Amino acid sequence: MPQLLHPLVDFNEPLVDEAADQTTNQKIQPEVAFSWSNAKTSANHLLTQSTGRHLSDLESVVLQGSWQGKTYEELAALYGYSVEYLNKDVGNKLWKKLSEATGERITKKNFKEALQRIWQEQLGATICLPIPSQSINKPLECLFPEGAVTLNSPLYIEREGVEKFCYETVLHPGSLIRIKAPKLMGKTSLMNRILAYAKDKGFYTVYLSLDSVDRIVFSSLDRFLRWLCLVTSRQLNLENQVENFWNTDILGSNDNCTAYFEECLLAQVDRPIVLGLDDVDRLFPYLEIIEDFLGMLRSWHEKAKIFNIWQHLRLVVVHSTEVYIPLDINQSPFNAGVPIELQEFDVQQIEALAHLHQLNWVSFQAQKLISMVGGHPYLVRLALYEIGSRNLTLKQLMQDAPTEAGIYSSHLRRHLEILQQAPDLAQAIKQVVTSPTCIELDSMQIYKLHSMGLVQRKGNHVRPSCWLYREYFRRALT
């Protein structure tokens, strides 16, 4: 999968150009970058409004292949279908559905221009509005950034190839997807879309956030696993049989939970179950639970390679990469499944978000924001919200950003608290932010700081991932 890392920037260059900053208030309409991701989003939006359904897997294959200029013959050779089937049964029906949705004739030859025009029109309702000097009524979607991005929100930005890969993976029998990234990177938003996709395919889905669970549930492994079985049964609308089924005289907690899933859940349904476990890092401090629980999940994944009934269970597990203590950092939380590590936004993605916030930005402003926050999704969204709300300008935001008066003060203090609990890490990041060039650290320090999103790696050398962290920690740790 492509790695969408933001470019390295020169931290010594001027960060604000006052004249360029004024372009945020000019009534211009810059060219909007139109990518395959935009085209797919536009097509899905059209089909959802017209038919109530998204693109099917094969429709996505035909649409993307056509986007890349491939013929039906080439697609047939790549994916193992007949040319006639892809052409008449998939392609022609897709173009017909898009034609009906748009009210114009869409073909394999002209669909790109049509989707781009529709995409521009959708953005145009926001982009082309004159921006008055006083406060304005923002679109409903441009709310304060907090929590997951809703399924129908245009503010969700796809990482090219990541969503499609996850959608394909969750369809595989017994699959395990592990989504990991620092906090506020969009992990839950991605999980919700995987679950929605699976539900659209007819699967049962269960979503469990461990962050909202009462602390008493974590008092023992047995209590936690009973809770897991109970809430899973409820979400599947199955009878709760935990008390009658649990055998504490002979079986251990993991064995009881495994048997419950096999005999009381998987055996009772006629379709696959996708179990989504969010905020698993909430368990990390509970060593008496986490090691056995993660071992059990791995065993379920392995069982699917042997027993048919376990192929009906698919797991999507989300955890932050920021929590280490008291877990042994040398032990990966999982040793199985498909790892998905979310990357940051690039210039084009930030421009698209800026337009949705009624900001007529060009690449200059987007690059300035990247130099400050490194493309971190939440930090980008917060900046665009504040600027789009006319609470401050890009210049003011960048001046205050690394201070306690800036909009990122809570985010920065949270990182500082983590570092203060690990003095060796605090000393390491202090060396990084006070050095004018990349410096070398030991492998474990690099791993930890990169997992927190604080540094960029270049071999065994690192530098601050963005100007915001350099300036804040240079002051806070001195």
Side-chain angles (χ1 to χ4, degrees), residues 147-148 176-185 187-188 191-192 195 205-236 238 240-262 264-265 273-301 313-337 339 414-415 417-418 420-422 448 451-452:
L176 166 60
I177 301 173
R178 299 182 286 112
I179 304 173
K180 58 178 183 175
K183 291 185 182 297
L184 304 173
M185 283 286 290
K187 302 183 295 297
T188 301
M191 170 185 265
N192 289 342
L195 295 179
T205 60
V206 176
Y207 172 78
L208 302 177
S209 172
L210 301 188
D211 193 46
S212 60
V213 180
D214 292 339
R215 189 179 302 174
I216 189 66
V217 172
F218 304 129
S219 60
S220 71
L221 175 65
D222 195 71
R223 186 162 192 161
F224 171 70
L225 295 183
R226 284 172 179 259
W227 170 87
L228 175 67
C229 293
L230 170 61
V231 294
T232 303
S233 298
R234 285 181 175 176
Q235 289 202 30
L236 292 172
L238 295 175
N240 169 26
Q241 304 180 58
V242 174
E243 291 303 324
N244 297 330
F245 186 86
W246 218 258
N247 185 342
T248 55
D249 293 333
I250 301 175
L251 298 178
S253 300
N254 273 10
D255 291 334
N256 271 305
C257 185
T258 299
Y260 188 90
F261 262 75
E262 180 173 328
C264 299
L265 301 181
I273 299 172
V274 182
L275 175 60
L277 296 168
D278 201 0
D279 302 303
V280 171
D281 42 287
R282 171 79 187 281
L283 285 175
F284 287 3
Y286 301 93
L287 288 178
E288 68 279 7
I289 295 177
I290 190 65
E291 293 179 356
D292 286 335
F293 176 61
L294 296 182
M296 184 183 70
L297 294 184
R298 285 194 297 270
S299 74
W300 290 358
H301 177 62
L313 180 66
R314 291 90 196 274
L315 298 168
V316 183
V317 181
V318 169
H319 69 95
S320 170
T321 57
E322 296 181 0
V323 183
Y324 306 107
I325 308 301
L327 274 185
D328 181 358
I329 192 60
N330 293 288
Q331 178 185 351
S332 172
F334 303 97
N335 296 321
R414 181 172 57 81
H415 275 307
E417 290 172 1
I418 294 174
Q420 287 174 337
Q421 294 173 13
K448 292 178 180 180
S451 294
M452 292 178 69

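From a predicted model like this one, the values you see are computed outputs, not experimental measurements.
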Under 3.5 Å: donor-acceptor pair, side chain of [X], backbone of [Y]:
| X | Y | answer |
| --- | --- | --- |
| Thr258 | Asp255 | no |
| Ser212 | Ser209 | yes |
| Asn256 | Gly252 | yes |
| Asp279 | Arg282 | no |
| Gln241 | Cys264 | no |
| Lys183 | Met452 | no |

From CA spacing to verdict: side chain to side chain contact (heavy atoms under 4.5 Å, CB included), Leu275, Leu208: CA-CA 8 Å; Leu275 175 60; Leu208 302 177; 4.0 Å; yes
Grab the two heavy atoms, one from [X] and one from [Y], that are nearest each other, plus how far apart they are.
| X | Y | answer |
| --- | --- | --- |
| Thr205 | Gln235 | O-OE1, 4.3 Å |
| Val316 | Val274 | CG2-CG1, 3.9 Å |
| His319 | Val280 | CB-CB, 4.2 Å |
| Pro182 | Ser451 | CG-O, 3.1 Å |

message = For Asp278 and Thr188, which I'm curious about, is there any donor-acceptor pair between the side chains at under 3.5 Å?
response = yes
Quick check for you: to the nearest 0.5 Å, what is the distance between [X] atom [atom1] and [Y] atom [atom2]?
| X | Y | atom1 | atom2 | answer |
| --- | --- | --- | --- | --- |
| Cys257 | Leu251 | SG | CG | 11.5 Å |
| Cys229 | Arg234 | SG | CZ | 12.5 Å |
| Arg226 | Asn240 | CZ | CG | 10.5 Å |
| Leu195 | Tyr207 | CG | OH | 8.5 Å |
| Leu228 | Met296 | CG | CE | 6.0 Å |
| Thr232 | Ile273 | OG1 | CD1 | 8.5 Å |

Side chain to side chain, [X] and [Y], heavy atoms closer than 4.5 Å:
| X | Y | value |
| --- | --- | --- |
| Ser253 | Asp292 | no |
| Val317 | Ile179 | no |
| Val217 | Leu210 | no |

- Query: Using 30° and 60° as the class limits, which term best fits the ring planes of Phe224 and Phe218: parallel, tilted or perpendicular?
  - Reply: tilted
* Asked: Which of parallel (below 30°), tilted (30 to 60°) and perpendicular (above 60°) describes Trp246 and Tyr260?
  -> tilted
Applying ring pair (Phe, Tyr, Trp, His ring centres under 6.0 Å) to Trp300 and not counting sequence neighbours gives Phe261, Trp310
Phe284/Ile289 under side chain to side chain contact (heavy atoms under 4.5 Å, CB included): CA gap, chis, key distance, verdict | CA-CA 8 Å; Phe284 287 3; Ile289 295 177; over 6 Å; no
| query | For Arg298 and Phe293, what are the C-alpha separation, side-chain angles and deciding distance, and is it a side chain to side chain contact (heavy atoms under 4.5 Å, CB included)? | reply | CA-CA 9 Å; Arg298 285 194 297 270; Phe293 176 61; over 6 Å; no
Full working for side-chain hydrogen bond (donor to acceptor under 3.5 Å, both in side chains) between Ser320 and Asp281:
CA-CA 6 Å; Ser320 170; Asp281 42 287; 4.8 Å; no
*Between Arg223 and Asp214, is there a salt bridge with N-O shorter than 4.0 Å?*
no
